[in-house]
*Asks:* 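One structure is given below, represented as structure tokens, and several questions about it will come after.
Positions are given from 1 along the sequence. Just so you know, these numbers come straight off a predicted model, no measurement behind them.
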Amino acid sequence: VLVPCLNLQAKDITDNPEVGDVTILPEEDLTKVPDNGLGSISVELTDPYDKYLSKENVKFGVVQIADIVKYKPFADKDLDLNEIKTADEIDKVAKDMAKKVETPDYEMTTDEEGKATCKDLPVGVYLVYVEDLADFETITPFIVGIPTWDDEDELFQYDVTVYPKHTAILRPYAGYA
């Protein structure tokens with residue numbers, strides 16, 4: 001999830017709030033920044049459509065495609081992540097970028113419950129894609145930011161959990177060719 005930044009001026013209105021001003025709550029901390037300033041991406045696979053498939057040993061590649069200063073070298077120079085407006089656009093960008101990756105910056109492999117975590121990631125935007133499906137379904141590459149805004153808790157999350165989209169693989173049945 002990308003969070004656009006706005007250039008707003010705010011003032012402390014603790015004494016006399018005025019209608020139309022941006023309110024900054026001086027005592028509320030909206031971000032719980034880890035001591036080391038790093039975050040993590042956790043993947044949790046949901047159950048496959050085919051109950052006989054395993055969520056174990058699915059290997060993911062993780063590549064930082066942007067940091068807070070610039071895009072990473074392999075990224076398309078004409079691509080502006082801030083211009084992406086829809087989920088379909090971000091899905092297309094993730095699929096296109098996954099085809100261009102030569103080697104991942106990080107890797108993680110799921111356990112028997114379909115969970116994997118990549119720790120100690122610096123603030124930035126990451127492409128996560130499958131390197132080896134093992135015995136699972138097709139998983140769509142995705143883009144995730146650290147930190148990511150959490151609407152429910154109303155704060156930035158440095159430890160992000162993702163439940164990636166996956167689709168059943170059509171397998172031929174015995175007797176059909």
Side-chain angles (χ1 to χ4, degrees), residues 1-15 17-46 58-77 79-98 101 104-111 113-130 139-166:
V1 175
L2 301 174
V3 180
C5 295
L6 302 174
N7 185 13
L8 296 175
Q9 287 187 324
K11 64 180 183 177
D12 185 354
I13 59 165
T14 313
D15 296 327
E18 297 175 24
V19 174
D21 286 339
V22 174
T23 303
I24 301 294
L25 302 173
E27 309 236 351
E28 185 176 353
D29 180 14
L30 296 179
T31 305
K32 305 288 187 224
V33 181
D35 290 337
N36 62 5
L38 304 175
S40 67
I41 297 172
S42 293
V43 171
E44 293 188 18
L45 299 177
T46 56
V58 177
K59 185 176 180 181
F60 289 89
V62 180
V63 177
Q64 186 176 16
I65 59 173
D67 58 25
I68 58 174
V69 178
K70 62 183 182 232
Y71 294 108
K72 294 294 179 177
F74 87 89
D76 186 339
K77 292 180 178 142
L79 174 66
D80 184 350
L81 294 175
N82 293 314
E83 295 298 317
I84 297 173
K85 304 288 186 229
T86 67
D88 288 340
E89 288 175 337
I90 201 141
D91 282 350
K92 182 181 180 330
V93 167
K95 287 175 185 174
D96 291 346
M97 288 183 129
V101 176
D105 296 334
Y106 309 91
E107 293 178 321
M108 59 182 161
T109 303
T110 57
D111 61 16
E113 295 178 354
K115 296 178 181 181
T117 300
C118 190
K119 298 178 180 179
D120 298 329
L121 301 173
V123 169
V125 180
Y126 293 85
L127 168 68
V128 182
Y129 64 96
V130 171
I139 299 172
T140 304
F142 56 92
I143 294 174
V144 62
I146 296 175
T148 294
W149 180 253
D150 183 332
D151 286 330
E152 187 174 310
D153 293 334
E154 295 186 343
L155 53 83
F156 284 105
Q157 294 287 342
Y158 280 75
D159 297 311
V160 181
T161 300
V162 181
Y163 302 89
K165 297 179 202 174
H166 55 90

*Asks:* Could you go through Gln64 and Val125, starting from their C-alpha distance and side-chain angles, then the distance that decides it, and tell me whether this counts as side-chain contact (heavy atoms from CB on, under 4.5 Å)?
*Replies:* CA-CA 6 Å; Gln64 186 176 16; Val125 180; over 6 Å; no
*Asks:* Go through it in stages, so that I can follow the logic: the residues are Thr140 and His166, the test is side-chain contact (heavy atoms from CB on, under 4.5 Å), and I'd like the CA-CA distance, side-chain angles, deciding distance and then a yes or no.
*Replies:* CA-CA 6 Å; Thr140 304; His166 55 90; over 6 Å; no
*Asks:* Atom CD1 of Ile146 and atom CG of Leu121: how far apart are they, to the nearest 0.5 Å?
*Replies:*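 It comes to 4.5 Å.
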*Asks:* Side chain of Asp150, backbone of Phe156: donor and acceptor closer than 3.5 Å?
*Replies:*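 No; zero donor-acceptor contacts below 3.5 Å.
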*Asks:* Might you point out which heavy atoms bring Thr117 and Ser40 nearest each other, and give the distance in Å?
*Replies:*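 Heavy-atom minimum between the residues: CG2-CB, 4.1 Å.
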*Asks:* Hey, could you give me each pair passing salt bridge (charged side-chain N to carboxylate O under 4.0 Å, His left out) that has a residue in residues 114-130? Not counting sequence neighbours.
*Replies:*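 The answer is Glu113-Lys115.
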*Asks:* Side-chain contact test, heavy atoms from C-beta onward, threshold under 4.5 Å: evaluate it for Gln157 versus Pro147 and give yes or no.
*Replies:*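 Gln157 does not reach Pro147 side chain to side chain.
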*Asks:* Do Val128 and Pro164 have side chains that approach each other closer than 4.5 Å (heavy atoms only, starting at C-beta)?
*Replies:*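 A side-chain contact under 4.5 Å is absent here.
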*Asks:* Between the main-chain N or O of Val58 and the side-chain N or O of Thr110, is there a donor-acceptor pair closer than 3.5 Å?
*Replies:*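 The answer is yes, because a donor-acceptor pair under 3.5 Å joins these two groups.
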*Asks:* Any side-chain heavy atom of Val43 within less than 4.5 Å of one from Phe60?
*Replies:*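 Of all side-chain heavy-atom pairs linking Phe60 with Val43, at least one is under 4.5 Å.
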*Asks:* Give, for atom OH of Tyr129 and atom NZ of Lys59, the distance between the pair rounded to the nearest 0.5 Å.
*Replies:*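 Going from OH on Tyr129 over to NZ on Lys59, the span is 9.0 Å.
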*Asks:* I want to check something: taking the side chain as every heavy atom from C-beta on, are Tyr126 and Val63 in contact at a cut-off of under 4.5 Å?
*Replies:*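 Not touching, per the 4.5 Å side-chain cut-off.
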*Asks:* Could you state the interatomic distance from CG (Leu127) to CZ (Phe142), rounded to the nearest 0.5 Å?
*Replies:*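 Leu127 atom CG to Phe142 atom CZ measures 8.5 Å (nearest 0.5 Å).
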*Asks:* Please examine the side chains of Glu107 and Val62, heavy atoms only from C-beta on, and report whether any two atoms are closer than 4.5 Å.
*Replies:*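 With C-beta onward as the side chain, the pair stays apart.
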*Asks:* Take Tyr106 and Ile41 through the side-chain contact (heavy atoms from CB on, under 4.5 Å) test and state the conclusion after the steps.
*Replies:* CA-CA 11 Å; Tyr106 309 91; Ile41 297 172; over 6 Å; no
*Asks:* For Val162 and Glu44, run side-chain contact (heavy atoms from CB on, under 4.5 Å): C-alpha distance rounded to whole Å, both residues' side-chain angles, the deciding distance at 0.1 Å, then the answer.
*Replies:* CA-CA 6 Å; Val162 181; Glu44 293 188 18; over 6 Å; no
*Asks:* Considering only distance and modelled atom types, tabulate donor-acceptor pairs under 3.5 Å from the side chains of residues 84-95, sequence neighbours left out.
*Replies:*
residue, atom, partner, partner atom, Å
Thr86, OG1, Glu89, N, 3.1
Glu89, OE1, Lys85, N, 2.6
Glu89, OE1, Thr86, N, 3.1
Asp91, OD2, Lys165, NZ, 2.7
Lys92, NZ, Asp96, OD2, 2.7

